[in-house]
Amino acid sequence: MPVTNVISEIKKDFIYNHLLKGERVDGRTFDQYREISIERDVIRKAEGSALVKLGSSQVLVGVKMQPGEPFQDSPSRGVIITNAELVPLASPSFEPGPPNEMGIELARLVDRGVRESKAIDLEALCIVPGKQVWIVFIDVHILDDCGNILDAAALGAIAALMSTKVPASRFGLGEDYILPIRDIPIATTTIEFNDVLMLDPGVDEEAIANTRLTIITTANGNICGAQKSGTGMLKPEQVYRIIDIACEKAKEIREKFLEA
Amino acid sequence: MPVTNVISEIKKDFIYNHLLKGERVDGRTFDQYREISIERDVIRKAEGSALVKLGSSQVLVGVKMQPGEPFQDSPSRGVIITNAELVPLASPSFEPGPPNEMGIELARLVDRGVRESKAIDLEALCIVPGKQVWIVFIDVHILDDCGNILDAAALGAIAALMSTKVPASRFGLGEDYILPIRDIPIATTTIEFNDVLMLDPGVDEEAIANTRLTIITTANGNICGAQKSGTGMLKPEQVYRIIDIACEKAKEIREKFLEA
Amino acid sequence: MPVTNVISEIKKDFIYNHLLKGERVDGRTFDQYREISIERDVIRKAEGSALVKLGSSQVLVGVKMQPGEPFQDSPSRGVIITNAELVPLASPSFEPGPPNEMGIELARLVDRGVRESKAIDLEALCIVPGKQVWIVFIDVHILDDCGNILDAAALGAIAALMSTKVPASRFGLGEDYILPIRDIPIATTTIEFNDVLMLDPGVDEEAIANTRLTIITTANGNICGAQKSGTGMLKPEQVYRIIDIACEKAKEIREKFLEA
Amino acid sequence: MDESDISFFKDGLRLDGRRADQLRPIKIEVGVLARADGSCYIEMGGNKVIAAVYGPREVHPRHLQEITRAIVRYRYNMASFSVEERKRPGPDRRSHELSKVSREALEPVILTSFFPRSVIDVFVEVLQADAGTRTAGINAAAVALADAGIPMKSMISSCAAGKVEDTIVLDPMKEEDNFGQADLPIAMTPNGDITLMQMDGNLTPDEFHGAVEMAMKGARDIYELQRKALVDKYSKMVEKTGQEEVHACD
Amino acid sequence: MDESDISFFKDGLRLDGRRADQLRPIKIEVGVLARADGSCYIEMGGNKVIAAVYGPREVHPRHLQEITRAIVRYRYNMASFSVEERKRPGPDRRSHELSKVSREALEPVILTSFFPRSVIDVFVEVLQADAGTRTAGINAAAVALADAGIPMKSMISSCAAGKVEDTIVLDPMKEEDNFGQADLPIAMTPNGDITLMQMDGNLTPDEFHGAVEMAMKGARDIYELQRKALVDKYSKMVEKTGQEEVHACD
Amino acid sequence: MDESDISFFKDGLRLDGRRADQLRPIKIEVGVLARADGSCYIEMGGNKVIAAVYGPREVHPRHLQEITRAIVRYRYNMASFSVEERKRPGPDRRSHELSKVSREALEPVILTSFFPRSVIDVFVEVLQADAGTRTAGINAAAVALADAGIPMKSMISSCAAGKVEDTIVLDPMKEEDNFGQADLPIAMTPNGDITLMQMDGNLTPDEFHGAVEMAMKGARDIYELQRKALVDKYSKMVEKTGQEEVHACD
């Protein structure tokens, strides 16, 4: 609708002019996240779940587990399958149908954080070596995209995993037990615009400053994942600055929301 | 083609004006079906088949059977799989490709009639409990859509099932035998227009009066399925009237065509 | 782009006028192939491979093998699966996505040549009768479509098969051995235009003279495959003439490139 | 539908303590999403369903446009984790059918002629399923349409009746749905015009009649809750005087 | 293609009692469908095939339009129950290839330049298959095109020849097709212009020659039957004087 | 990523005899395809990758058009036979992600505003894979864009660094990639603006820093080879005086 486009252009100008002046339109500082809330165990039918709100962005993550076959090249390790549904309910720009490039990238980054941080002890998920292992399905359901759904999804994934109970009794495999989690990966995303770096972009900031760098850190402060996205460029020094910010911010978030 | 559209508009007006005067354009009474014919065993390669003509509408239903795995939650019961192909040969409005909403609804209603009436004794289709049962494929092939293909398809399905021979010998499972049928579900569809109810709508009547109610009845006069479709509304009294008509009409059809 | 279309129309006229004068635009005689080169074992990861150049057309064929289940109706024979990817890199008219009609026809013709000539001894590819046989994947990858990619693909397929080593040791099935090849099918394609027959059409000749006949011959001079394509017609005498040319030409190609 | 050995009543009450004609607890929240033009979250018993409305907006692809009216699209979707055994993402045949009948339940009251050549999109996500997701979805969708300011002739309310142990019951829950004898969901306007009716199982004509009446009674009760939820939201908006509602993030 | 242990001849006749150069029984009916612009039902031996033609009509999607002529589409489809082992619905690679060559068998005689920017759709449904479905489909489709009033330069007739026990035979049936040595279907105009030619198996050039000639003889015989079916239908229409043919339901 | 029992170094050199900061052998050929507007073939170690560029050309489907600039599409695809275990044809989730980040690696230097409403298509086919196919693909694609005459602000060069046995190494090969501790591919302009950065595994911030610097060094070396390949091709063209380059078959 033409009207919407005009409004959206005006809004962009508004944000753009703020950024040029070194201000964010919602009054945040550059390294400030919007308000974060995490509610766990919201879906009784899932083995684990978490609803993450990041400002107005809302992401629901559910974890389901069932026994299945291991991969041939890792016969005694559990399997992680991560999927993200950018359902059209969450944004006027999402369309029905199988995940597009953006949904696939998001799912793969969430997956990478969990996998590369070795957060799940996959060896512990072996039932019968070479025959049967636990499959962990991490399903990310975006409900409201007001920007930076990636960080929210990654946060939801680890929070849901930390609340996951392995449903062993349902499958006649002994008593249920808590899924053993060994690390807490945190993803933080920064955008760059006119050499200004801003954490946790809102949806309009994302539209204007199309260079993003996501850094995933482990509990000991190492980096287990990184991804630049968008059609812009970054100087190496900007990358290093972003890493410094990311490590610090991830530590805060981890301590505040997940180690409590 | 513009010409066709003009003709179709004129035709609609014509039918519309008849309906306003309480007449159907083909001279039928409101509770009268078009001529019905059922020819069984028309496809030698199928285990059972029936070609149903309902006026000019033509629907061919084939039944194939083969051994397969039962569902986990019903290990000793056969499986029914119903599919409908609204092939583009049958109507200018059908398109190639996987079944659309309309084809899926039709298949699911045909399936519901067979399933909810318990027409097939699924327990009798168990070969080895939990391992192997008979799969019954009911394939509906619409050949000519001149209206109310749903009733024709449902009629074809039960007629084809009543002529089905279980191909046990082909699979080394003993001698062939007649598929045991325990009930004869009949679907009757009524449309509503200006508070007039009309059974068995023709294709143009369907286009004009877009409120339909399909009632599926069993041999003992009970109701085993119902579905309103179309973007109109029905008063409860209309629903009850339709049920009365449906039960009576279904009895007639059942006696005339399927119990002979 | 309009400009391209104009150029392409001018080019077509140019070729058309040459053909009317009984000349081919690149100076070839009517029964002359463009330069052929075959390079084998170009892909180390494949069990067999060949890069065929036919003038500027380039086709890469890779053969992969792995153990798998036989078909129910041929329990002691290996399985051939042929696939062709007309990737959009190879021509402005190719589009991403699953093979279209043209890609499917090409794959099925390459397959037919290998299968009907009985080039592969499928009985020799049985591992455990009814349980495990070798699957031979023939994957045709078109790299540059400058006309007559079918002949190039068929040539690539048999050349790749002739260089294929069965990877038995990788699957713990004994020592690797050379895939036994019993015949060398050769496909030759002729186009017809104004009653002139021309072998090995270039891409512009294909566009103008849309009647093609492909003949596949075996080493003993028999015919094991034929396919007319395009929206033109052929007289029986033209067919017989094409067969004579095809048999002779195939013999030359076979001797020159594949029996050396 | 097998009754198996389950007993559905104890001391005249159902397994979850309800009377035969009692609804499960219902919670309705309006305007829960920032990006959507209208939205609603509903809990009906164990069901957790969220609905969003976008539009009227441009139609893509173009050839779906209607010259004289808006088209309505409805997408019913279940989250993978909403059911006991993980569901593969994406629509299956069941969800296609539910999307169709749900759309046809709402379309009769939407004034589509106000918005020629445009589309009104209704998206319903089932986050947790517990029998009755289609009726919960329609209830949420109808409120979300109102929240989006789409002009409607009336509200739509939806409820099912079922039959267990030869008794007609209102708003069946999972066990009653799985092992009961019949299920009959309806949707209707406040003055009793039926826009959705489905049924499977086995009912005599009299039982059918009874089930329809009971489902309609349930729908009437739900209508009051829908109305209240919309009034509550509107009241809150009015309280913040001068403050216009803005559908935007933050 | 394995000959296995089957013997294809007995007392000089084939398994179904035919001579080597004899067609199976053929039945052709014209105008069997009400909705289609033209239609034809054919039985060739055990094959039961129906063809419908729609058009010339508008092209969707638009970008397929040709400015100077009608495009022709052909969809060969097998019903799930048409073969011994149930076929999954929808097109497979084989049906894509058959659709292509069948379209190319008919397109040469259709006067597509009469209808720029439009499409002529040919839909062929195989209801029962018994070797030779592609030739049966083309025969039915050609008659359906005529029945639809599509201007054509000539009729198209299609027939196959095969090789069993080193003998060339006309119109192979299932056993001859499955276990024979070669199959060669053609389609042609009445004056012998070939529009379809496919072949697999193993033939010497001389056998190829013989098979083409025999298939052409079969096609000529089929042409007479196609012609008769069309004339019969036309005669019946003329009998009902003053009564125009109406392509409509009822 | 498990280190298992592999030892990645012997006498200070890697399994293939390289030093830690050494690239694998690289071969670049420009203009290897006749139909494409620009093309490039690259070998990086065991990788064999070919890239083609088409455009600027018309956008289909139309609604993807941008009014003010060309859109860029990038399709990374692996041939079925390019890997040890045959890959099913067609894109998977990994190739979708690689296509996205590779497109974003090139788009910053393409002057898309020169060609409103058009598309620049980049197609990359991996013919043989040996760790590092995305970087090889980007290197080839960048050269192919130049070969197609697409105006660019600068060249793009791509290289990865990895970590094995706690040592940062340049341009990891298959074994190092499969069993190493980290992989960090980048792409950049000749003056060090980074357009692609991905990383997985485990690195301290200092190691991350070291890996970025090493990958940038590799990219700078690759830039020289890209430049040389383009100059060589241009020199040859100039030699054949008066002979214009024609992108056509034969």
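In what follows, chains are A, B, ... by sequence order, proteins preceding strands, each numbered from 1.
C/Val42 and F/Lys48 get closest at one heavy-atom pair: O-NZ, 2.8 Å. Closest approach of F/Arg75 and C/Gly97 over heavy atoms only: NH2-N, 4.4 Å. Contact record, C/Leu89 with F/Leu33: CG-CD1, 3.8 Å, taken as the closest heavy-atom pair.
The local environment of NZ in C/Lys53 is sparse, with at most 12 non-hydrogen atoms from other residues, nucleotides or ligands closer than 6.0 Å. The environment of C/Lys165 atom NZ is sparse: at most 12 non-hydrogen atoms of other residues, nucleotides or ligands sit within 6.0 angstrom. Shown here is C/Gln32, whose CD atom has more than 12 heavy atoms of other residues, nucleotides or ligands within 6.0 Å. Summarising the local packing, CZ of C/Arg24 is surrounded by more than 12 heavy atoms from other residues, nucleotides or ligands at distances under 6.0 Å. Surrounding OH of C/Tyr16 are at most 12 heavy atoms belonging to other residues, nucleotides or ligands under 6.0 Å away. Taking a 6.0 Å sphere around CD of C/Gln66, one finds it holds more than 12 heavy atoms contributed by other residues, nucleotides or ligands. At most 12 non-hydrogen atoms from other residues, nucleotides or ligands lie less than 6.0 angstrom from OH of F/Tyr234.
Looking at C/Lys45, both its backbone and its side chain come within 4.5 Å of chain F, counting heavy atoms on both sides. Heavy atoms of C/Asn83 lying under 4.5 Å from chain F belong exclusively to its side chain. Using a 4.5 Å cut-off between heavy atoms, F/Arg86 contacts chain C through both its backbone and its side chain. Interface residue F/Val32: only backbone heavy atoms are found under 4.5 Å from chain C. When heavy atoms are compared at a cutoff of 4.5 Å, C/Arg170 approaches chain F solely by way of its side chain, counted from C-beta outward.
Your options are F/Gly55, F/Ala51, F/Pro89, and the one with the most heavy-atom pairs under 4.5 Å with chain C is F/Pro89. The greatest number of non-hydrogen atom pairs below 4.5 Å with chain F, out of C/Ala46, C/Ala90, C/Pro167, C/Pro88, is found for C/Pro88.
Looking at F/Glu85 and C/Lys64, no side-chain N of the basic residue comes within less than 4.0 Å of a carboxylate O on the acidic one, giving no salt bridge.
Atom-to-atom distance recorded for C/Asp144:CG and F/Arg35:CZ is 7.5 Å, nearest 0.5 angstrom. The distance from the CZ atom of C/Arg44 to the CG atom of F/Leu127 is 13.5 Å, given to the nearest 0.5 Å. To the nearest 0.5 Å, atoms OG (C/Ser93) and OH (F/Tyr54) are separated by 8.0 Å. Of the inter-residue distances, the one linking C/Leu60 atom CG with F/Phe81 atom CZ reads 4.0 Å to the nearest 0.5 angstrom.
A donor-acceptor pair under 3.5 Å is absent between the side-chain atoms of C/Asp139 and the main chain of F/Ser80, judged by distance alone.
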